Amino acid sequence: MTQPGMSAAPKKSILPTLAIVCFVVGAALTAFFVWRIVVTAPHSPQPIEGGTVHLKKEGLTIYSSVPVLAPPCTVKDANGNDVPTKKPGGSETITINGDTWYVVARSTSTVPAGDYSISCTDSETSATYAAGPKSSIGAFVLSIFGTVFSLLIFIGLGATFLAIGLVRKNRSRRPTNTFPTQPGAPGNYPPPGNYPQQPPQSHTFPAPPPYNPGQNPDRPQDR
């Protein structure tokens, strides 16, 4: 219960809490997308000149040093079973350490990490073939955009909430009436019609002294 003459305590603002939530969510999303950037970052493929490629991660992608019309490669797993591959729907390239590689084919299903025998027969071009884990340039690019947007949206939104909360807090601390008991201060004017009546005042002025001009030296004196 508020005592007479005392102002009610200001309500606690929810903006600082919202700012903290935005900071936490933004930091978590940023960390996640940074991890995705590391995972989906393209790595140099392994040459398949020896015929066997060891994959440390699941999936299989075959690359060529120059564009080719059809994937002239066959893939077998460690047990000698064929691994079906397919040509990508569009043109995909990666450039690593100054070398450009063109995606020739990918495994139709996700194959586990392990050893794979790859044979590429190409008598029409002088392409060099290599293989690596299944990768997607789209996932790598999306991870970069996710990191940027997490920083801009959530971190920026949290900073905005925090700034608005500080401004409102500073305004609430300002005194509303500096001189509450001084007459004429805001809020201390008497209501209309209750001003004290002042008695009429009469103003009297003293009579002016009689006019007595002095002697004029340019005029002869009366004799």
Side-chain angles (χ1 to χ4, degrees), residues 1-45 55-61 63 86-103 106-113 132-192:
M1 180 176 181
T2 304
Q3 298 294 332
M6 298 179 60
S7 59
K11 296 181 179 180
K12 187 176 181 181
S13 176
I14 196 175
L15 293 178
T17 303
L18 293 177
I20 295 175
V21 172
C22 290
F23 288 144
V24 172
V25 174
L29 287 178
T30 301
F32 169 75
F33 284 116
V34 169
W35 171 76
R36 289 292 300 168
I37 290 175
V38 175
V39 172
T40 59
H43 299 281
S44 297
L55 300 181
K56 297 181 180 180
K57 294 187 297 184
E58 62 182 13
L60 175 66
T61 303
Y63 302 90
K86 64 178 180 180
K87 186 178 180 179
S91 177
E92 296 184 21
T93 61
I94 60 172
T95 301
I96 303 175
N97 298 327
D99 297 327
T100 300
W101 294 95
Y102 299 84
V103 177
R106 285 194 176 97
S107 56
T108 56
S109 60
T110 302
V111 295
K134 186 176 182 179
S135 62
S136 175
I137 303 300
F140 176 70
V141 174
L142 288 177
S143 300
I144 295 177
F145 278 109
T147 303
V148 174
F149 281 113
S150 297
L151 290 174
L152 292 179
I153 295 177
F154 289 98
I155 304 300
L157 192 61
T160 302
F161 284 145
L162 187 60
I164 296 176
L166 291 177
V167 171
R168 290 185 177 180
K169 186 176 181 180
N170 292 334
R171 287 181 177 177
S172 64
R173 289 181 176 178
R174 294 180 182 176
T176 57
N177 194 357
T178 306
F179 305 101
T181 60
Q182 180 179 353
N188 291 323
Y189 292 104

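Fair warning: this is a prediction, and the values are worked out from it, not measured in the lab.
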Item to complete: Please report the closest heavy-atom contact between R106 and P88, naming both atoms and the distance.
Response: NH1-CB, 4.1 Å
Return all side-chain donor-acceptor pairs below 3.5 angstrom for residues 148-156, not counting sequence neighbours, or 'none' if the list is empty.
{"unit_1": "S150", "atom_1": "OG", "unit_2": "G146", "atom_2": "O", "d": "2.7"}

Practice prompt. Heavy atoms only: give me the nearest G132-P45 pair and the separation to one decimal.
Written response: N-CB, 4.4 Å
Would you list the atom pairs, donor with acceptor, under 3.5 Å between side chains in residues 23-32 and any protein atom, with sequence neighbours excluded?
{"unit_1": "T30", "atom_1": "OG1", "unit_2": "G26", "atom_2": "O", "d": "2.7"}

Worksheet item: Below 4.5 Å, heavy atoms only, C-beta onward: do I94 and Y63 meet side chain to side chain?
Response: yes
Worksheet item: If you round to the nearest 0.5 Å, how far is OG1 of T17 from CG of L162?
Response: 11.0 Å
Worksheet, complete the sentence: Sequence neighbours excluded, the answer for side chain to side chain contact (heavy atoms under 4.5 Å, CB included) partners of T160 is I164
Worksheet item: When rounded to the nearest 0.5 angstrom, what distance separates CZ in F33 from CD1 in I144?
Response: 12.0 Å
Worksheet item: What closest approach, in Å, do T110 and G59 show between heavy atoms, and which atom pair accounts for it?
Response: CG2-N, 4.3 Å
